[in-house]
Amino acid sequence: MDPFFLNEGKLTRALYQNVSNAGELRKLILTAQLPLCLLKPKFIVDDFQLSVAITKALYNQKDNMMTTKTFPSELIYCLSPLRNINQSLKIFGSEENDTDVIIVGDEGFFQTIKDSIKGDEIELSEISKFTDFQSVIDLYEITHEELTKSSLLDSVVTRMATK
């Protein structure tokens, strides 16, 4: 568990592998309307990318400038290079059969579901082991030429920041 500190409180970011109940967790979070987000780690290059999206979503929320209705969906929207909210949710949001997930959200609410997670928590710094680099390149439309001049992370974060 990696706390992300803010002036108003604390968000938690946690990476899990071998999760056998992603569908149950998703239903639990949606039914209880918990401010938590389940993400697919395959599109996350580095935890810095996640930090940028979290920061952007928090500022959007604080300034009443959110494109979506909730912080979890705003976070997903900020990660995505797409302007279509539904497509962003489908691409980045965890699905029922996912075995690897990132959970982001309020630490207090995270603690209420932590014992329900059937999987192994690992360090967030290991996120790149789960990244599908070709899928990231395709999704963010990054060219080979661009990768000769900057890193994949820089290219992804630039697209997120300028969307």
Side-chain angles (χ1 to χ4, degrees), residues 1-17 19 22 25-95 98 100-117 119 121-128 130-131 135-136 139-142 150-163:
M1 180 173 51
D2 172 36
F4 189 84
F5 294 95
L6 308 165
N7 292 336
E8 294 86 15
K10 197 184 316 185
L11 287 180
T12 295
R13 307 175 303 167
L15 173 61
Y16 284 85
Q17 66 181 3
V19 176
L25 293 171
R26 193 167 181 253
K27 285 179 189 172
L28 174 66
I29 290 169
L30 292 174
T31 303
Q33 296 182 342
L34 299 176
L36 297 169
C37 186
L38 290 176
L39 301 169
K40 293 177 194 168
K42 74 183 252 178
F43 293 107
I44 309 299
V45 177
D46 185 271
D47 60 336
F48 179 72
Q49 175 188 359
L50 195 55
S51 296
V52 169
I54 290 169
T55 302
K56 189 172 181 181
L58 286 169
Y59 276 106
N60 290 349
Q61 183 180 44
K62 182 180 177 191
D63 294 341
N64 293 320
M65 298 289 292
M66 291 200 321
T67 302
T68 68
K69 295 180 182 178
T70 66
F71 174 78
S73 60
E74 188 72 11
L75 170 60
I76 290 174
Y77 185 71
C78 289
L79 279 168
S80 178
L82 307 172
R83 295 211 180 266
N84 184 303
I85 297 168
N86 287 332
Q87 282 183 319
S88 299
L89 293 170
K90 286 178 187 174
I91 291 170
F92 285 90
S94 181
E95 296 176 8
D98 286 343
D100 304 317
V101 297
I102 299 171
I103 302 174
V104 179
D106 179 86
E107 184 174 345
F109 288 107
F110 172 73
Q111 292 301 327
T112 65
I113 69 156
K114 186 175 181 176
D115 292 338
S116 302
I117 303 169
E121 185 175 2
I122 60 173
E123 293 294 321
L124 191 60
S125 60
E126 296 185 43
I127 188 67
S128 64
F130 301 90
T131 306
S135 293
V136 171
L139 176 65
Y140 287 91
E141 299 178 351
I142 298 169
S150 78
S151 72
L152 180 59
L153 177 61
D154 288 345
S155 296
V156 167
V157 170
T158 297
R159 281 164 175 75
M160 289 170 43
T162 58
K163 176 173 106 179

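Just the heavy atoms: all of them, side chains too, but no hydrogens, waters or symmetry mates, feed the values below. Numbering of residues begins at 1 and proceeds along the displayed sequence.
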[atom1] of [X] to [atom2] of [Y]: how many Å apart, nearest 0.5 Å?
| X | Y | atom1 | atom2 | value |
| --- | --- | --- | --- | --- |
| Arg26 | Thr31 | CZ | OG1 | 10.5 Å |
| Asp47 | Leu124 | CG | CG | 4.5 Å |
| Ile91 | Lys42 | CD1 | NZ | 9.5 Å |
| Leu39 | Arg13 | CG | CZ | 11.5 Å |
| Cys37 | Phe92 | SG | CZ | 10.5 Å |
| Leu28 | Leu30 | CG | CG | 9.0 Å |

Using a 3.5 Å distance criterion without hydrogens, assess whether the side chain of [X] forms a donor-acceptor pair with backbone atoms of [Y].
| X | Y | result |
| --- | --- | --- |
| Ser128 | Val45 | no |
| Gln49 | Phe43 | yes |
| Asp63 | Met65 | no |
| Asp106 | Phe109 | yes |

Validation row: [X], [Y] side chains within 4.5 angstrom (heavy atoms):
| X | Y | answer |
| --- | --- | --- |
| Asp46 | Thr131 | no |
| Tyr59 | Ile54 | no |
| Lys40 | Val101 | no |
| Leu38 | Leu25 | yes |
| Leu15 | Glu121 | no |
| Leu152 | Ile142 | yes |
| Ile117 | Tyr16 | yes |
| Ile103 | Thr12 | no |

Locate the shortest heavy-atom distance separating [X] from [Y]; write the atom from each residue and the value.
| X | Y | answer |
| --- | --- | --- |
| Ala22 | Asp98 | CB-O, 3.3 Å |
| Leu36 | Gly105 | CD2-CA, 3.6 Å |
| Ile76 | Ser88 | CG2-O, 3.3 Å |

Which donor-acceptor pairs under 3.5 Å do side chains of residues 156-163 form with protein atoms, sequence neighbours excluded?
{"from": "Thr158", "atom 1": "OG1", "to": "Asp154", "atom 2": "O", "distance (Å)": "2.7"}
{"from": "Arg159", "atom 1": "NE", "to": "Tyr140", "atom 2": "O", "distance (Å)": "2.6"}
{"from": "Arg159", "atom 1": "NH1", "to": "Glu146", "atom 2": "OE2", "distance (Å)": "2.8"}
{"from": "Arg159", "atom 1": "NH1", "to": "Ser155", "atom 2": "O", "distance (Å)": "3.2"}
{"from": "Arg159", "atom 1": "NH2", "to": "Glu141", "atom 2": "O", "distance (Å)": "3.3"}
{"from": "Arg159", "atom 1": "NH2", "to": "Glu146", "atom 2": "OE1", "distance (Å)": "2.7"}
{"from": "Thr162", "atom 1": "OG1", "to": "Thr158", "atom 2": "O", "distance (Å)": "2.8"}
{"from": "Lys163", "atom 1": "NZ", "to": "Tyr77", "atom 2": "O", "distance (Å)": "2.4"}
{"from": "Lys163", "atom 1": "NZ", "to": "Ser80", "atom 2": "O", "distance (Å)": "2.9"}
{"from": "Lys163", "atom 1": "NZ", "to": "Leu82", "atom 2": "O", "distance (Å)": "3.0"}

Could you tell me whether the side chains of [X] and [Y] share a donor-acceptor contact shorter than 3.5 Å?
| X | Y | result |
| --- | --- | --- |
| Arg83 | Thr67 | no |
| Asn60 | Glu74 | yes |
| Thr70 | Ser73 | yes |

